[in-house]
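To find a chain, count down the sequence lines: A is the first, B the second, and so on, and within it residues start at 1.
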Amino acid sequence: HVGNIRSALFSWAYARANGGQFLLRIEDTDRNRLVETSTGAIMESLRWLGIDWDEGPEVGGPHAPYFQSQRLPLYQKAAATLIDEGRAYRCFCSTERLDQMRAAQAANKQPPGYDGLCRRLTPEEAIARARTEPFTVRFAMLKDGQTELNDIVRGRVVFENKLQDDFVMVKSDGYPTYHLGVVVDDTEMEITHAIRGDEWISSAPKHIQLYEALGWEPPVWAHLPLILGPDHKKLSKRSGDTALLDYKASGYLPEAMINFLSFLGWSLDDHTAILGVDELKEHFDLQRVVANPAVFDIDRLNFLNGHYIREMAPDRWIETIAYWCEAGLPDTVKRPISREVVEQVAPLLKERVAKLSDIAPMVEFLFGYDVPDYPLETLVERVGDTATAVRVLDAALTHLDAVSEEGWQVERIEASIRGLEEPLEMKLRKFVSVLYVAEMGRAQGIPLFDSLALLGRERALQRLRTARLRLG
RNA sequence: GGCGCGUUCGUCUAGAGGCCCAGGACGCCGCCCUUUCAAGGCGGAGAUCGGGGGUUCGAAUCCCCCACGCGCUACCA
């Protein structure tokens, strides 16, 4: 999803800009939420954007394995050490008791948190009960003093220890929670920079205390500003935090996506708005990450996408159109899609497409043999009344009918239609909409003269006749 | 409720005491170009820098208070 990918992007860009390594680790410790395809989707998303990892799934490396579910012994070892040293303890409280406790705290307006019941158990008692009862392992947070976070983005943040909660670090199924997982793996994997979303900042003291208790060196912290939806709430599935591959599916280019994501909380300088990956890899700087949340602005994404489409090399553009036609045109259109037509519309389409999914509807009229389907009013709309539309169609029919099959070319067609201005006593721009609708089914799209040429004499004339007939 | 973070044009942002009666980009509006729609060119509106107090010769930039917004408050990450 967008938020996570942005964190990955910043980490990656930072590594690339500073000659570091970028490692991909899959945190799959919640077996209730395990989705088979998600690992594949994560990797595909990153690869689509061009984010490569020096170490991780599929590429391997010295810190394998890269799935947390395969590193359980590591977490258990850390947990055992902590229990031995009295910095963690087994907790036998049931979910029911925990729920009741929280309800009571809420009712009494007490700060929420584990009440420490099992912290008071003697080690002997705990070991005895552990033989028959399920348990979690909680970390015994320091309750005095303060925990200090030094963050690149936010500076110094101080948390009161007395407000800290003894969090669960090993679940009853033996899997670690995120808190234990990151600390153990970031250390084992020699992670130097923890770059993550701001929603994590409240749990930073947990991680910091864990590092201290384990005697390990914490990484450099950088908490990125949240990405907000249009409602100014943390981006949710509803408000645009869709899987990145959904953006790919609806026709966004990776270049646009990267450019867009890069500027969500970061900027290069006071004037750069268009930035390629190469420049990002060279100039990305954590010092320039801002602290305030960013609202996801789809208009800007669309603009960037259009920009990169316009910049696309002609041959890649043709391939792209061919692909989106095959995928987006209705089944009634016979396959394969004509390569010749694709090549001819390509330049006409370039300035007009914002999302690749716009392509198919824009060129559909070229491939279906049927007359386009459109509400009759659109034919008349811009010329004012039916009588005028009829005059336009009759005149166009006469003029174009005079163009021979061999002469059916853009220049001739243009001359013929421009020749309509005089007899009709109307400006071209005024009456042309009737023709657009008759041919393409709508008044906007690729240029008319080219469309007529592409359509061929027979089909073009046929559509005019049909339009004329429909007007009575 | 508690804790934390944040607050510069509608949006993304520039800004680290004088260069800022605040710059760029998207969006919006207008004009030009034009076969529609776009694209492109040119121009415009748009922020009294959340509010109030300080500090200073001088504050968007430093300090304090307030307000508002958001995040966290799980055996989810």
Side-chain angles (χ1 to χ4, degrees), chain A residues 4 27-30 32-33 91 93-95 98-99 102 105-113 134-138 149 151 153-154 157-160 163-165 167-179 181-182 196-205 223 225-226 228 230 232-234 260 263-274 288 290-304 306-307 309-310 348-354 362 382 413-414 417-418 427-437 440 442-451:
Chain A
N4 294 332
E27 306 192 327
D28 56 350
T29 56
D30 184 357
N32 296 318
R33 290 204 320 182
C91 175
C93 295
S94 65
T95 336
L98 260 17
D99 288 344
R102 283 187 200 107
Q105 286 166 342
N108 299 327
K109 306 213 177 202
Q110 304 272 310
F135 63 89
T136 63
V137 179
R138 303 187 99 104
L149 162 69
D151 190 276
V153 178
R154 283 153 223 279
V157 184
V158 177
F159 301 86
E160 291 296 331
L163 268 7
Q164 294 300 323
D165 196 16
F167 62 93
V168 171
M169 55 182 221
V170 180
K171 305 181 233 183
S172 54
D173 62 2
Y175 279 71
T177 58
Y178 169 81
H179 307 302
V182 250
R196 56 178 19 171
D198 193 40
E199 68 267 30
W200 288 110
I201 203 165
S202 335
S203 28
H223 287 90
L226 251 21
L228 270 25
H232 287 222
K233 296 260 167 52
K234 184 180 167 188
F260 177 71
F263 283 89
L264 247 29
W266 178 81
S267 66
L268 177 65
D269 51 36
D270 64 342
H271 62 276
T272 306
I274 305 281
R288 290 190 63 85
V290 298
N292 47 305
V295 173
F296 186 97
D297 180 14
I298 195 76
D299 279 336
R300 181 182 292 271
L301 212 209
N302 288 336
F303 162 76
L304 288 169
H307 170 83
I309 285 174
R310 274 167 250 133
L348 306 174
L349 236 32
K350 215 171 190 184
E351 325 268 83
R352 280 165 252 265
V353 172
M362 229 175 255
R382 298 210 203 167
I413 294 167
E414 174 165 3
I417 291 178
R418 283 191 188 281
K427 282 294 188 189
L428 182 63
R429 52 184 309 118
K430 170 96 173 162
F431 66 76
V432 86
S433 70
V434 179
L435 274 18
Y436 270 92
V437 175
M440 318 195 306
R442 52 184 187 175
Q444 68 273 67
I446 61 174
L448 179 69
F449 310 139
D450 299 88
S451 301

Check: Can you list the residues that meet the salt bridge (Lys or Arg N to Asp or Glu O under 4.0 Å) rule with A:R288, with sequence neighbours excluded?
Finding: none
Item checked: Among B:U7, B:C5, B:C72, the nucleotide that comes nearest once only the side chain of A:N292 is considered -> B:U7
Margin query: Test of understanding: with ring pair (Phe, Tyr, Trp, His ring centres under 6.0 Å), list the residues that count as partners of A:F263, not counting sequence neighbours.
Written below: A:W266
Notebook entry, point to check: Does a side-chain N or O from A:S267 land closer than 4.0 Å to OP1 or OP2 of B:A14, or not?
Noted result: yes
Check: Which part of the nucleic acid, if any, lies within contact of A:G181, taking any heavy atom under 4.0 Å across all strands shown: a base, the sugar-phosphate backbone alone, or nothing?
Finding: nothing
Item checked: For B:G43, the Watson-Crick or wobble counterpart (both distances under 3.5 Å) -> B:C29
Notebook entry, point to check: Which atom pair, heavy atoms only, marks the closest approach of A:F296 to A:L264?
Noted result: CD1-CD2, 4.4 Å
Check: What does A:N302 touch in the nucleic acid at a heavy-atom separation under 4.0 angstrom: a base, only the sugar-phosphate, or nothing?
Finding: nothing
Check: Which heavy atom of A:F159 sits nearest a heavy atom of A:L149, and at what distance?
Finding: CE1-CB, 4.1 Å
Checklist line | Under 3.5 Å: donor-acceptor pair, side chain of A:E27, backbone of A:Y178 | finding: no
Margin query: Can you list everything that forms a salt bridge (Lys or Arg N to Asp or Glu O under 4.0 Å) with A:E199? Sequence neighbours excluded, please.
Written below: none
Next item on the list: Starting from P on B:C3, measure out to CD on A:E160 and report it in whole angstrom.
Entry: 9 Å
Item checked: A:F135: ring pair (Phe, Tyr, Trp, His ring centres under 6.0 Å) partners, not counting sequence neighbours -> A:F92
Nucleotide N/O to protein N/O under 3.5 Å, stretch nucleotides 75-77 of chain B:
| from | atom 1 | to | atom 2 | distance (Å) |
| --- | --- | --- | --- | --- |
| B:C75 | OP2 | A:R102 | NH2 | 3.3 |
| B:C75 | O2 | A:S172 | N | 2.8 |
| B:C75 | O2 | A:S172 | OG | 2.8 |
| B:C75 | N3 | A:S172 | OG | 3.0 |
| B:C76 | OP2 | A:K171 | NZ | 3.2 |
| B:C76 | O2' | A:D30 | OD2 | 3.1 |
| B:C76 | O2' | A:R33 | NH2 | 3.3 |
| B:C76 | O2 | A:R33 | NH1 | 3.4 |
| B:A77 | OP1 | A:T29 | OG1 | 2.8 |
| B:A77 | OP1 | A:K171 | NZ | 2.7 |
| B:A77 | OP2 | A:Y178 | N | 3.3 |
| B:A77 | O3' | A:E27 | OE1 | 3.0 |

Margin query: Once you apply a heavy-atom cut-off of 4.0 Å, does A:L226 come out as touching a base, just sugar-phosphate, or nothing?
Written below: sugar-phosphate
Notebook entry, point to check: NE2 of A:H271 versus P of B:A25: gap in Å, rounded?
Noted result: 10 Å
Check: Mapping A:L163 and A:D297 to their closest nucleotides on RNA chain B, which lands nearer the 5' end?
Finding: A:L163
Notebook entry, point to check: Sub-3.5 Å donor-acceptor pair from the side chain of A:N108 to the main-chain atoms of A:Q110, do we have one?
Noted result: no
Checklist line | Closest nucleotide among B:A25, B:A14, B:U35 to the A:D270 side chain | finding: B:A14
Margin query: With a 4.0 Å limit, can you tell me whether A:R429 has a side-chain N or O closer than that to the phosphate oxygens OP1/OP2 of B:U36?
Written below: yes
If you restrict it to nitrogen or oxygen atoms, what contacts under 3.5 Å exist between nucleotides 61-69 of chain B and the protein, and what is each distance?
none

Check: How does each nucleotide of nucleotides 40-49 of chain B score, in 5' to 3' order, for protein heavy atoms under 4.0 Å: base (B), sugar-phosphate only (S), or none (-)?
Finding: S---------
Check: Can you list the residues that meet the salt bridge (Lys or Arg N to Asp or Glu O under 4.0 Å) rule with A:D270, with sequence neighbours excluded?
Finding: none
Check: Considering heavy-atom distances to RNA chain B, does A:K109 or A:G445 have its closest nucleotide positioned more toward the 5' end?
Finding: A:K109
Next item on the list: Spell out yes or no: do the side chain of A:R288 and the base of B:U13 have one donor N/O and one acceptor N/O closer than 3.5 Å?
Entry: no
Next item on the list: With sequence neighbours left out, write down each residue that passes salt bridge (Lys or Arg N to Asp or Glu O under 4.0 Å) with A:R154, or none if nothing qualifies.
Entry: A:D198
Check: If pairing requires Watson-Crick or G-U wobble contacts with both distances under 3.5 Å, which nucleotide is the partner of B:G71?
Finding: B:C3
Check: Considering only B:U35, B:C3, B:C37, which nucleotide approaches the side chain of A:F159 most closely?
Finding: B:C3
Checklist line | Rounded distance in Å - CG (A:L448) to P (B:A38) | finding: 16 Å
Margin query: Using atom C1' in both nucleotides, what's the gap between B:A47 and B:A60 to the nearest angstrom?
Written below: 11 Å
Next item on the list: May I have the distance from A:I201 (atom CD1) to B:C72 (atom P), rounded to whole angstrom?
Entry: 13 Å
Next item on the list: Return the value, rounded to whole Å, for the distance between atom CG of A:D450 and atom P of B:A38.
Entry: 18 Å
Check nucleotides 17-22 of chain B against the protein and report each pair of N or O atoms closer than 3.5 Å, with its distance, or say if there are none.
none

Next item on the list: Quick one: label A:V290 by what it contacts on the DNA or RNA (base, sugar-phosphate, nothing), any heavy atom closer than 4.0 Å.
Entry: sugar-phosphate
Next item on the list: Decide yes or no, distance alone: a donor-acceptor N/O pair under 3.5 angstrom between the base of B:C5 and the side-chain of A:R154.
Entry: no
Margin query: Categorize A:A291 for me: base, sugar-phosphate, or nothing, with a 4.0 angstrom heavy-atom threshold over every strand shown.
Written below: sugar-phosphate
Check: Within the distance-only criterion (no hydrogens, no angle test), does the side chain of A:Y175 pair as donor or acceptor with the backbone N or O of A:D30 below 3.5 angstrom?
Finding: no
Notebook entry, point to check: Looking only at heavy atoms, which two atoms of A:R382 and A:A443 are closest? And how far apart?
Noted result: NH2-CB, 3.4 Å
Margin query: Categorize A:I446 for me: base, sugar-phosphate, or nothing, with a 4.0 angstrom heavy-atom threshold over every strand shown.
Written below: base
Check: If we take the C1' atom in both B:U8 and B:C20, what is their distance in whole Å?
Finding: 11 Å
Item checked: Integer-rounded Å distance: B:A74 P and A:M169 CE -> 18 Å
Notebook entry, point to check: Which is true for A:F263 with a 4.0 Å heavy-atom rule: it touches a base, it touches only sugar-phosphate, or it touches nothing?
Noted result: sugar-phosphate
Item checked: Donor-acceptor contact present, side-chain A:D151 to main-chain A:H223, <3.5 Å -> yes
Checklist line | Candidates B:C72, B:G1, B:U35 - which lies nearest the side chain of A:P112 | finding: B:G1
Notebook entry, point to check: Are the side chain of A:D165 and the backbone N or O of A:F167 linked by a donor-acceptor pair below 3.5 Å?
Noted result: no
Check: Out of B:G1, B:A25, B:C70, which nucleotide sits closest to the side chain of A:A273?
Finding: B:A25
Next item on the list: Not counting sequence neighbours, which residues clear side chain to side chain contact (heavy atoms under 4.5 Å, CB included) with A:E414? List them please.
Entry: A:R418, A:F449
Check: When rounded to the nearest Å, what value does the distance between C1' atoms of B:U61 and B:U55 take?
Finding: 13 Å
Next item on the list: Measure from the side chain of A:F449, starting at C-beta and using heavy atoms only, and say which of B:U73, B:C5, B:U35 lies closest.
Entry: B:U35
Note to self: Under 3.5 Å for both donor-acceptor distances, Watson-Crick or wobble: does B:G18 have a partner, and if so which one?
What the structure shows: B:C57
Margin query: Is it the case that the side chain of A:T177 and the backbone of A:V168 share a donor-acceptor pair, with hydrogens and angles ignored and the cut-off at 3.5 Å?
Written below: yes
Next item on the list: Could you tell me the separation between the CD1 atom of A:I274 and the C1' atom of B:A39, rounded to a whole number of Å?
Entry: 14 Å
Next item on the list: Tell me, please, which residues at least two apart from A:H307 pass side chain to side chain contact (heavy atoms under 4.5 Å, CB included).
Entry: A:I274, A:R310, A:E311
Margin query: What is the separation between atom CG on A:L301 and atom C1' on B:A25, rounded to the nearest whole Å?
Written below: 14 Å
